[in-house]
Amino acid sequence: MVPPVRFNPQAWLAEARALIGAAHVLSADRGDDLSACTRDWRNKFEGPALAVLRPADAGEVQSLVRLAARTGVAIVPQGGNTGMCGASVPTAGGPQAILQLGRLDRILEIDPGNNTATVEAGCILQTLQEQAAAAGRLFPLSLGAEGSCQIGGNIATNAGGVQVLRYGNMRDLVLGLEVVLPDGERLDLLRGLRKDNTGYDLKQLFIGAEGTLGIITAATVKLFPAPGAEVVAFAGMSSIGQAVRLLGAMRARLGERFTAFELMSGEAVELVRSHFPGTPAPLEGRWPWHVLMEATDGGSDEALREAMQAALMACLEDGCLEDVVLAGSLAQGQALWALRENITHAQQMDGGNIKHDISLPISRIPAFVEQMLPRLLQAFPGARPIVYGHLGDGNLHFNVSAPAGIAPAAWQRETDAVNQLIHDAVAEMRGSISAEHGIGQLKRHEMALYKTPAELEVMRRIKQALDPQGLMNPGKVL
Ligand code: FAD
Ligand code: S2G
Ligand code: ZN
């Protein structure tokens with residue numbers, strides 16, 4: 001019986017350093033601080049890392065993956081580490097190395113004629129937005145973490161954000177990928193084609209796979225004409241049913257020009273204003289529900305403002321809104337967006353919360369919210385639901401903050417019970433328990449509850465086919 005070869009971390013680190021240079025292989029045993037990479041953005045998940053690897057290019061990624069495959073070390077791909085489900089940090093278990101994509105940050109090509117950009121995975125989302133704008137184009141993915149999340153992470157989580165209504169989520173924006181497979185092979189799918197029917201559409205496997213099937217090293221994404229005019233409005237109403245009717249009416253009147261529709265409960269607005277004192281009250285009165293809307297098009301500001309104004313006035317008459325303000329300047333529009341984007345930060349400052357990232361048929365959302373709020377408060381007296389999100393996509397962040405006086409840690413222990421109440425109701429309405437953030441570690445056990453055995457079996461076969469050793473981001477998704 002040959003004794004199992006004992007794993008020798010020092011030898012492994014020395015091999016990794018010989019491959020990509022000692023400066024780019026961080027390890028705790030030589031005093032490097034890995035905590036920025038081993039703990040997630042929410043401070044909810046943390047795991048030990050043999051090393052943080054920072055390859056310079058796809059070739060070095062391949063060498064590291066081959067080393068890991070040969071020695072049985074798991075790889076955790078990491079972009080900006082802003083994910084919400086603990087998918088970008090190691091789990092407990094065998095040796096795991098974090099592979100940070102941040103040095104693969106080049107924009108390889110912007111092709112205005114083809115309306116595409118080809119970028120390396122470590123490119124920060126905001127950088128691509130800026131470079132596209134400089135070329136007179138728009139890369140439309142937009143979300144609160146855009147200053148630090150990376151294109152590779154956006155693809156691996158199939159990120160959504162605040163312009164899905166008009167441009168779709170990351171799956172709709174990706175035309176091509178370059179992926180390093182768990183065996184070290186490089187899959188070159190980097191085509192900027194809008195039509196290509198040549199066998200299975202392999203890139204789809206890696207979009208939203210949360211790094212469990214391979215490491216995205218580059219992508220070709222769609223660009224759009226840069227909008228000339230932009231108008232932001234903020235409305236107040238008594239019911240979420242009115243908000244849903246408002247969505248339909250505004251889309252009917254403005255069509256493709258209508259780009260964003262973000263719901264915010266009164267509690268969400270008040271929470272931001274309490275943690276960000278400089279935030280102006282967007283409307284005269286306080287309303288149970290609010291909607292932040294945006295329209296853009298290539299024409300003049302005045303024409304778009306008139307169209308938006310006319311549509312809003314008609315909606316006022318139809319009663320699907322009861323108060324509304326049109327941003328009078330870019331600064332005022334930005335202040336309204338800051339109000340929206342600060343909800344996540346305000347919740348973090350408020351002591352964390354039990355998050356939900358659910359999607360439902362838009363028509364079912366009023367019934368869901370109207371029945372869920374009383375049920376939640378009956379089951380968890382004093383709980384503070386902070387309900388907001390991308391209503392235009394049928395995606396709500398039904399986050400629940402702790403009742404006053406309950407410590408965050410104690411409240412987190414209610415997570416399974418709160419999740420069951422909310423996710424069972426979502427499942428009854430054939431909704432999804434994860435609209436945009438993914439599964440990660442956070443919802444892995446719930447996948448078994450809410451996906452059919454057949455779905456899970458096919459997912460396992462795909463995982464087994466591509467990563468038979470189970471070394472790519474273990475403990476996530478499945
Ligand atoms: P990471 O967190 O580093 O990783 C996320 C997952 O992708 C992990 O499974 C990781 O293993 C994998 N991964 C990362 N890079 C690669 C790669 N190159 N190849 C293969 N796998 C990889 N998300 C939304 O969808 N919509 C929102 O509106 C939104 N708002 C947010 C607001 C705030 C303030 C914050 C903090 C987060 C928000 N998020 C939102 C969540 C998060 O920003 C997104 O999930 C984002 O896409 C994660 O990108 P990242 O580069 O940080 O990935
Ligand atoms: C958003 C951020 C995550 C959360 O702001 O749209 O995706 O639930 C969310 O705080
Ligand atoms: Zn969101």
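This one's a predicted model, so the numbers in the text were calculated from it and none came from an experiment. Both counts, for ligands and for their atoms, begin at 1 and track the order of listing.
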Tell me which part of [X] gets within contact of ligand 1: side chain, backbone, both or neither, using heavy atoms under 4.0 Å.
X: H437; value: side chain
X: M170; value: neither
X: T212; value: neither
X: T82; value: both
X: A121; value: side chain

With nothing but distance in play, are any N or O atoms of H437 less than 3.5 Å from an N or O of ligand 2?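 Between H437 and ligand 2, an N or O pair is found under 3.5 Å apart.
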Please confirm whether E341 comes within less than 3.5 Å of ligand 2 when only nitrogen or oxygen atoms on both sides are compared.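 N/O-N/O distance below 3.5 Å does not exist for this pair.
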With a cutoff of 4.0 Å, is [X] in contact with ligand 1, counting heavy atoms of the residue only?
X: H345; answer: yes
X: H390; answer: yes
X: M84; answer: yes

Top protein contact for [atom], by heavy-atom distance:
atom: atom 1 (P) of ligand 1; result: N81 N, 3.5 Å
atom: atom 19 (N) of ligand 1; result: I216 N, 2.9 Å
atom: atom 9 (O) of ligand 1; result: E210 O, 2.9 Å
atom: atom 10 (C) of ligand 1; result: P77 O, 3.1 Å
atom: atom 4 (O) of ligand 1; result: S88 CB, 3.4 Å
atom: atom 28 (O) of ligand 1; result: G161 CA, 3.5 Å
atom: atom 13 (N) of ligand 1; result: A156 CB, 3.6 Å
atom: atom 2 (C) of ligand 2; result: T344 OG1, 3.2 Å
atom: atom 53 (O) of ligand 1; result: G153 CA, 3.6 Å

According to the interplanar angle, ranging from 0 to 90°, do the rings of H437 and H397 count as parallel (below 30°), tilted (30 to 60°) or perpendicular (above 60°)?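 Parallel, since the angle between the ring planes stays under 30°.
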May I ask you to decide if the ring planes of H290 and F234 are parallel, tilted or perpendicular, using 30° and 60° as cut-offs?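 It falls in the tilted class, 30° to 60°.
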Using a heavy-atom cut-off of under 4.0 Å, does the side chain or the backbone of N399 touch ligand 2, or both, or neither?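 It is the side chain that gets close, since no backbone atom is under 4.0 Å.
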Under 4.0 Å, heavy atoms only, figure out whether ligand 2 is touched by the backbone of R340, its side chain, both or neither.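 The answer is the side chain.
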Just wondering, do [Y] and [X] contact through their side chains at under 4.5 Å, heavy atoms?
X: I386; Y: Q347; answer: yes
X: Q469; Y: P182; answer: no
X: L138; Y: P227; answer: yes
X: T118; Y: T220; answer: yes
X: V426; Y: F398; answer: no
X: S88; Y: F45; answer: no
X: K463; Y: V477; answer: no
X: Q163; Y: E294; answer: yes

Does [X] reach ligand 1 with a nitrogen or oxygen that is under 3.5 Å from one of the ligand's nitrogen or oxygen atoms?
X: A87; result: yes
X: W41; result: no
X: N154; result: yes
X: A159; result: no
X: T344; result: no
X: A145; result: no
X: C149; result: no

Take the Zn ion (ligand 3) as the centre and count protein N, O or S atoms at distances under 2.8 Å.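 Total protein N/O/S atoms under 2.8 Å from the Zn ion (ligand 3): 3.
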Distance in Å, E60 CD paired with L104 CG, rounded so as to fall on 0.5 Å steps: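 Between atom CD of E60 and atom CG of L104 there are 8.5 Å.
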Nearest 0.5 angstrom please: H445 NE2 to N419 CG, how far?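 Taking NE2 in H445 and CG in N419, the distance rounds to 6.5 Å.
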Taking atom types as modelled, is there a side-chain donor on H275 or Q348 under 3.5 Å from an acceptor on the other?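 No, because no side-chain N or O of H275 sits under 3.5 Å from a partner of the opposite role on Q348.
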With a 4.0 Å cut-off on heavy atoms, is E436 in contact with ligand 2?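 Checking ligand 2 against E436, which is what was asked, there is a heavy-atom contact under 4.0 Å.
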Flag, side chain of [X] to backbone of [Y], donor-acceptor distance under 3.5 Å:
X: Q441; Y: G86; answer: yes
X: N473; Y: V76; answer: no
X: R39; Y: E46; answer: no

Residue [X] excluded, over 12 heavy atoms near [atom1] under 6.0 Å:
X: K44; atom1: NZ; answer: yes
X: R364; atom1: CZ; answer: no
X: R286; atom1: CZ; answer: no

Please could you name the atoms of ligand 1 that [X] approaches to less than 4.0 Å, counting only its heavy atoms?
X: L101; value: 18 (N)
X: G211; value: 20 (C), 21 (N)
X: I215; value: 19 (N), 20 (C)

Relative to [atom], which among [options] owns the nearest non-hydrogen atom?
atom: atom 9 (C) of ligand 2; options: M84, H356, H397; answer: H397
atom: atom 47 (O) of ligand 1; options: V180, T157, V61; answer: T157
atom: atom 20 (C) of ligand 1; options: A218, G160, G214; answer: G214
atom: atom 26 (N) of ligand 1; options: Q348, E436, R340; answer: E436

Cationic N near anionic O, under 4.0 Å, R340 to E262: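 Salt bridge: yes.
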May I ask you to decide whether K203 forms a salt bridge with D201, counting only side-chain N to carboxylate O separations under 4.0 Å?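 Between D201 and K203 there is a salt bridge, with a charged N closer than 4.0 Å to a carboxylate O.
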Non-hydrogen atoms of W41 and T82 that approach each other most closely: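 Taking every non-hydrogen atom into account, CB-CA, 4.0 Å.
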